[in-house]
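Beneath this line is the structure, given in structure tokens, with notes to follow.
Residue numbers begin at 1 in each chain, while the letters A, B, ... track the order of the sequences.
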Amino acid sequence: MKKIEAIIKQVKLEEIKDALVMAGIQGMTISEVQGFGRQKGHVEVYRGSEVEALFVPKIKIELVVPDSLVEKVVQTILEKAYTGTVGDGKIFIIPVEEAIRIRTKEKGEKAI
Amino acid sequence: MKKIEAIIKQVKLEEIKDALVMAGIQGMTISEVQGFGRQKGHVEVYRGSEVEALFVPKIKIELVVPDSLVEKVVQTILEKAYTGTVGDGKIFIIPVEEAIRIRTKEKGEKAI
Amino acid sequence: MKKIEAIIKQVKLEEIKDALVMAGIQGMTISEVQGFGRQKGHVEVYRGSEVEALFVPKIKIELVVPDSLVEKVVQTILEKAYTGTVGDGKIFIIPVEEAIRIRTKEKGEKAI
Amino acid sequence: MKKKFMEQILNFLAFSWMMVLVYSTDVLADQGSQPKLDTGDTAWMLISSALVMFMTIPGLALFYGGLAKKKDVLNTIAMSFVAYCIVSLLWVAYGYSLSFSGDIKGMIGNFDKILLKDIRIDSLQGTIPEVLFCMYQLTFAGITVALISGAYIERIKFSAWIIFSVLWMSLVYIPVAHWVWGGGFLSKLGALDFAGGTVVHVNAGIAALVGALILGKRKKNYLLPNNLTLVVIGSGILWFGWFGFNGGSAVASNGLAAQAFLNTNLACAVAALAWMFTEWMITKKPTLLGIASGIVAGLVAITPAAGFVNVFGSIIIGILAGSLSFFSVTAMKSKLGYDDALDVFGIHGVAGIIGAILTGVFADPSINELGKGLLYGNPNQVLIQILAVLITIVYTALMTGIIFLVIRLFMKIRVSDEEETTGLDSTQHGEKAYNF
Amino acid sequence: MKKKFMEQILNFLAFSWMMVLVYSTDVLADQGSQPKLDTGDTAWMLISSALVMFMTIPGLALFYGGLAKKKDVLNTIAMSFVAYCIVSLLWVAYGYSLSFSGDIKGMIGNFDKILLKDIRIDSLQGTIPEVLFCMYQLTFAGITVALISGAYIERIKFSAWIIFSVLWMSLVYIPVAHWVWGGGFLSKLGALDFAGGTVVHVNAGIAALVGALILGKRKKNYLLPNNLTLVVIGSGILWFGWFGFNGGSAVASNGLAAQAFLNTNLACAVAALAWMFTEWMITKKPTLLGIASGIVAGLVAITPAAGFVNVFGSIIIGILAGSLSFFSVTAMKSKLGYDDALDVFGIHGVAGIIGAILTGVFADPSINELGKGLLYGNPNQVLIQILAVLITIVYTALMTGIIFLVIRLFMKIRVSDEEETTGLDSTQHGEKAYNF
Amino acid sequence: MKKKFMEQILNFLAFSWMMVLVYSTDVLADQGSQPKLDTGDTAWMLISSALVMFMTIPGLALFYGGLAKKKDVLNTIAMSFVAYCIVSLLWVAYGYSLSFSGDIKGMIGNFDKILLKDIRIDSLQGTIPEVLFCMYQLTFAGITVALISGAYIERIKFSAWIIFSVLWMSLVYIPVAHWVWGGGFLSKLGALDFAGGTVVHVNAGIAALVGALILGKRKKNYLLPNNLTLVVIGSGILWFGWFGFNGGSAVASNGLAAQAFLNTNLACAVAALAWMFTEWMITKKPTLLGIASGIVAGLVAITPAAGFVNVFGSIIIGILAGSLSFFSVTAMKSKLGYDDALDVFGIHGVAGIIGAILTGVFADPSINELGKGLLYGNPNQVLIQILAVLITIVYTALMTGIIFLVIRLFMKIRVSDEEETTGLDSTQHGEKAYNF
Ligand SMILES: Nc1ncnc2c1ncn2[C@@H]1O[C@H](COP(=O)(O)OP(=O)(O)O)[C@@H](O)[C@H]1O
Ligand SMILES: Nc1ncnc2c1ncn2[C@@H]1O[C@H](COP(=O)(O)OP(=O)(O)O)[C@@H](O)[C@H]1O
Ligand SMILES: Nc1ncnc2c1ncn2[C@@H]1O[C@H](COP(=O)(O)OP(=O)(O)O)[C@@H](O)[C@H]1O
């Protein structure tokens, strides 16, 4: 099992979510994060006084998937999150040792 | 050391927190996330117009614990987070290579 | 590649961010979390009725870096996040198997 | 059949013409030989003007702003603010003059009071200073334009809205205000409209509907209120301010003002309960948004009636306004499929029409001798009311359409799809509402 | 000892009966032979009515809503809204008649003015239209019921609250209002209550306490304000509206209204400072919530006194109201252990009682000849004040208890534990306050 | 050159002294032989007092609070609240007496009306109760002190602010109010100031600037509004309340009040548009914060002029106030580098000065015979206006500086760096605004 963490643009969330469901994933978790990378924060101007917003709002998607699905999920995200402009985001793959469904106590791939 | 990530129902947080402290854990981190799985988002109705809330609000608990405590922590969460209805959530176990306490520079199990 | 997760005090964020950029990192992601550890939540008093805030607001920093940079990043955080009082926070190091930049499809260390 | 109906209507028209049952001129006649300023009436009209202004800024702006999506809050609010500001300037420049100074063939006023020329500090309108009467009327024009914005939000360009405000106020509001209140042809028809049900609410409601059709649907055409506490504040301010709107329309501090005040409160409360219970039965939950929506529906419906009906009439008007508006924004809207974002037509249009017609039913001469409805032996009144509403609908619909077409010749009216998705706060104003 | 006290009280009762020092009838007598409408007085009462309405919607609703937990905001607000709407209907239906029309054995009015029957557009009450007097009184009934809700929030079923509102208004508010203002037995006792300290605040405070005891504690019985900025808005609106509440109780636009106005502002400001400094000394931090709470305590305490005391009296009342209310919501509440969620008893009850009694101390005949307090040589007044408060307390406590028991026969009053944990916004209304 | 100018000024001074063109005494003279209470005037002044109070609490508090950073919201709000409360007490204690009772060498009043001693319930000031006049003036003192806080937020200790409020009100506001309104030397100079442009806005603006310089910069000296919807509510309430501020300054319910009312609305709307369009041209986005800032700038600038100019004057004043204030808070502030956190000087100071001077240009004797400006053949008026402004600036700047230095002798004025970073809500009050 792997955890796939993707940092994406907010406006792309719905599209990606739909595509992932089509691709067969059964669950995912998202959270609001802020980031910077190539895309730096922007400057906001209030009454002419400039405030540097250091970070850009992003969405972090977390998905734990069986090894067999990793490739497909990555491809789906790559395709749907793409706009071609800086700030499109990143995908990280992290090993997961165990997964358990609280409701049924199932473990491993059955749990996710 | 392992990181235990649990996605749980919001209302269960306090109970779980108390039980984990009883079980001997020394620290943990939580954040507000949103997810879907078996439990799909629900429909909200405003003036008769339906809005599909894609995701359900959940709490993510993150705990880094020594290997020896993993079993106990998992059991505690399994027990306290359980309601038997869909959406009870998941537990994921992820390897951690190192932990450092900023204040004292202690490393490894002493740090957590 | 490693993911460095640091839980820090909110007021230290800017300083750390600047130092990390000086240290050569190219991107990072932050999120608002709440935690407890040695530093317990505090008591808030509203009209004399006491509310125990169980958790203390913290910032979680997530950085994926090539192995070669891990040491430097950890040192930087250790230095800048330090105040010497409880609640300074923790650093965790987690293995990452792969990283992909969505915009360019680059993989591995080039992607981060 | 249709022809006969039209004939009948024309008969009334001719008949009513002779009756010249014009509310506003009567008020003037009341003053007797020597009009004198009354400090009590003036005090009430000063505060009424402040109250009606408060309805728009920040009342309506918050009511609408709270209902918008998080990324469109400020734009929604800015639309009300800018509309009121524009109207404030243009009303003094030429609006008051064209509405209330003289009369050219029943259609429009003249230019004699451009920039309030010739209105002296001691000129009176009835027992109050004329400059105060002008100010009071200004606030009505302001809120009418602002009301429309609720249907267009989350997609119209801010610049297009500004141009629309200027044109619509000039080409729609001013003539209609003249027809009804300025001595124009509708006032001579004998239509009863105490505080502007037709001029303000039907007018705005129809403009909202037509504009929404022309603008087209939002990509996410559902309601997702970012902050219902703002809606609560807004609805409270609207209720509060409406006492000036309806009570002030007596243009005096007397029993009639008090009756209009009490009727306003009553119909509004009843409509809120009516919406709440209807919703409770149908969707199983009584929402606070439903209560707030019922409040507005009730206030709108009692507007033309407030100074004509008794408490019994107010209660019936409240019940019908609250329950029927509920159906109009749920069943009707989803069936017909237009995207009236914040239900300006569904609430102001529908409740406005209900109120206008029911005024013709319940007008009780013992409350106000100028109005006698169906229940008091004057069935014609209902037809006159319907006629007045129809004329307004046709004119407004037509002109609103034309205005949009003209603007479209010169600029894009809608923001781009990407701007819509990103949100209008950031793309139109470069701001965001909350930095939590 | 006790017997002698009761005897003394009965003496006063008999004595006072003869004096018939009834404020309201005196006002009428003032008008001389020919009562005539005064447009200035009417203007002030129109706006005062609007102000008192504004206190409830949205003032009190926001004050309470901001203090509720995040998951209970809308429900808390909806309780005030629905209470005011219900009262608006029932007051016109029978409330006004039973309170203010006629008198049956000093206990209750009659049915002569059901649905405002026989109140003509030119009927006067003093120098203002009677319909306006009815409207003004309506707003008092509305806020009194809404006030109680603060003690019951975060656990009472919305449907139970609606039924409670109907019953409590009918069985408690109407009789007490009749006793004090409608010519009932308390008014004949000679109790001084300028703007409703007893009828409104003591009454609501006791009902809050009794209901909180019957309802039982919340699972999380602490205060966790979701949004203090709403509390700020609410307290500001309350202060603003209270000028109509107290100033309007002069039922005229004159020096007495002005004195009541200034006293209101003064006592309120002083109480806010008193709470703040007391808190600063005791808990080491002056909170904004403390300032806002002191504001309300001061406003409540000055209510019965506003038109009787001079500025010196106002300052003392302010100091005592602010500091003693602080102790009542901190020390007393946690000792006695009832769960009065938003301190309705702790603030309205306690400050209401303080104000009622101190009115008997500080009433200065040079401000208002109708009131003469202990300091001006009339120690009996204090006892009369205490008696009036006691009667209200006993009656309200009893009836509120009975009302709850009756409702309980037919339905559950509290939501289920799970609904309480999930929050009443979602379980009672299917909504949430913020979609950030 | 300079000397000649001073000489000229002294000439005017001497000349004007003889003219004794004092607005306030004239008003009294108007009453003829037998001053009598007018209920209409009284009603308007009662509500005007309520309106001006509402401007501060919660209007200004929210306007400022919304602009503060998330961690400083409550502290910012508390500063306005506590200032108004303190002034409420001290004004009654000695403020009114020292400002408006008698005159000692044109510099200050006397102690005759300490604690409102000798003001009877039927004492009149013109046609309204004197106690009401005192109350109305109180609200002006309250908002003036509160205004200043906007420049000091996010760094001043709450205790230091409290002490500052007491001293500044006593040593700056009271004398200046006496000079201009209480029969002091500035009133005899012939300066025109209808509703307090100099006493309130220039005064507060300069105190803000001087204090900001002494306090020094915040560590994060930029604007990061935590909640623009609060700014919207605040600006709406300010606009609404300003009708009482300017309209009430006629101290009567008449044509002049109405003209002041309309001028206020007009200048404010125009200034909002002026700021918006200027910003649109220069920074490419019309912000809602810009519109709200323009609103305040317009209201400030029309304050001294409202009862003197015609609509043409109002429009020009609006345009200049909106556009010049924009430049003052953008270009000027960043060049000069003082940290006036919420632009109290940039908006109130600058627009106040603009308004004061332009009053001398546009004052139209056909609106108000007491004022005749440059355009109507009286160029001296402009110089008198400038002189009055200069005197106020010098006195306020000096005294504000001294007050700060004195406080500094006894305590630290700024919070510690760590407290500043953590936020003043938590460190000064132990609270946080939102528990979402
Ligand atoms: N090394 C990193 N570790 C953690 N998060 C990162 C890292 N690099 C980028 N991110 C996240 O990805 C987001 C997009 O990265 P950015 O470099 O701006 O875009 P792009 O990858 O298109 O060049 C950032 O805002 C940040 O949240
Ligand atoms: N594969 C997954 N990866 C990441 N998060 C998941 C995954 N599956 C479920 N979750 C999280 O767990 C929550 C509960 O899962 P759900 O399937 O609804 O409940 P249950 O496990 O009781 O059937 C989801 O809302 C989501 O946040
Ligand atoms: N074992 C743990 N797992 C996850 N997060 C932890 C753990 N221990 C501490 N934390 C996080 O680190 C923060 C600081 O820890 P704390 O023990 O209070 O400070 P210190 O390390 O200075 O003693 C906590 O608030 C919590 O968010």
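For a residue to count as touching a neighbouring chain, one of its non-hydrogen atoms must lie under 4.5 Å from one of that chain's; by this rule B/Leu13 touches chain C with the side chain only. When heavy atoms are compared at a cutoff of 4.5 Å, C/Phe55 approaches chain B solely by way of its side chain, counted from C-beta outward. Residue contact with chain C, scored on non-hydrogen atoms closer than 4.5 Å, involves the side chain of B/Glu62 exclusively.
When B/Val64, B/Ile112, B/Ile94, B/Ile100 are compared by the number of non-hydrogen pairs under 4.5 Å with chain C, B/Ile100 comes out ahead. Highest contact tally toward chain B, considering only C/Lys58, C/Lys2, C/Arg38, is held by C/Arg38 [criterion: heavy-atom pairs under 4.5 Å]. Highest contact tally toward chain B, considering only C/Ile93, C/Asp88, C/Leu54, is held by C/Ile93 [criterion: heavy-atom pairs under 4.5 Å]. No other option in C/Glu32, C/Lys60, C/Glu79 has as many heavy-atom pairs under 4.5 Å with chain B as C/Lys60. When C/Thr83, C/Val74, C/Val86 are compared by the number of non-hydrogen pairs under 4.5 Å with chain B, C/Val86 comes out ahead.
Considering every non-hydrogen atom in both B/Pro95 and C/Pro95, the closest pair reads O-CD, 3.4 Å.
C/Tyr82 carries B/Lys105 over the face of its six-membered ring, with the cationic atom under 6.0 Å from the centre and within 45° of the normal.
Annotation: the span from B/Arg101 atom CZ to C/Ile7 atom CD1 amounts to 13.0 Å, rounded to 0.5 Å.
Contacts with chain C (heavy atom to heavy atom, under 4.5 Å) involve these residues of residues 16-27 of chain B, listed by number: B/Lys17, B/Val21, B/Ile25, B/Gln26, B/Gly27.
Inter-residue side-chain proximity for C/Glu5 and C/Lys90 is flagged as unmet; no heavy-atom pair is nearer than 4.5 Å.
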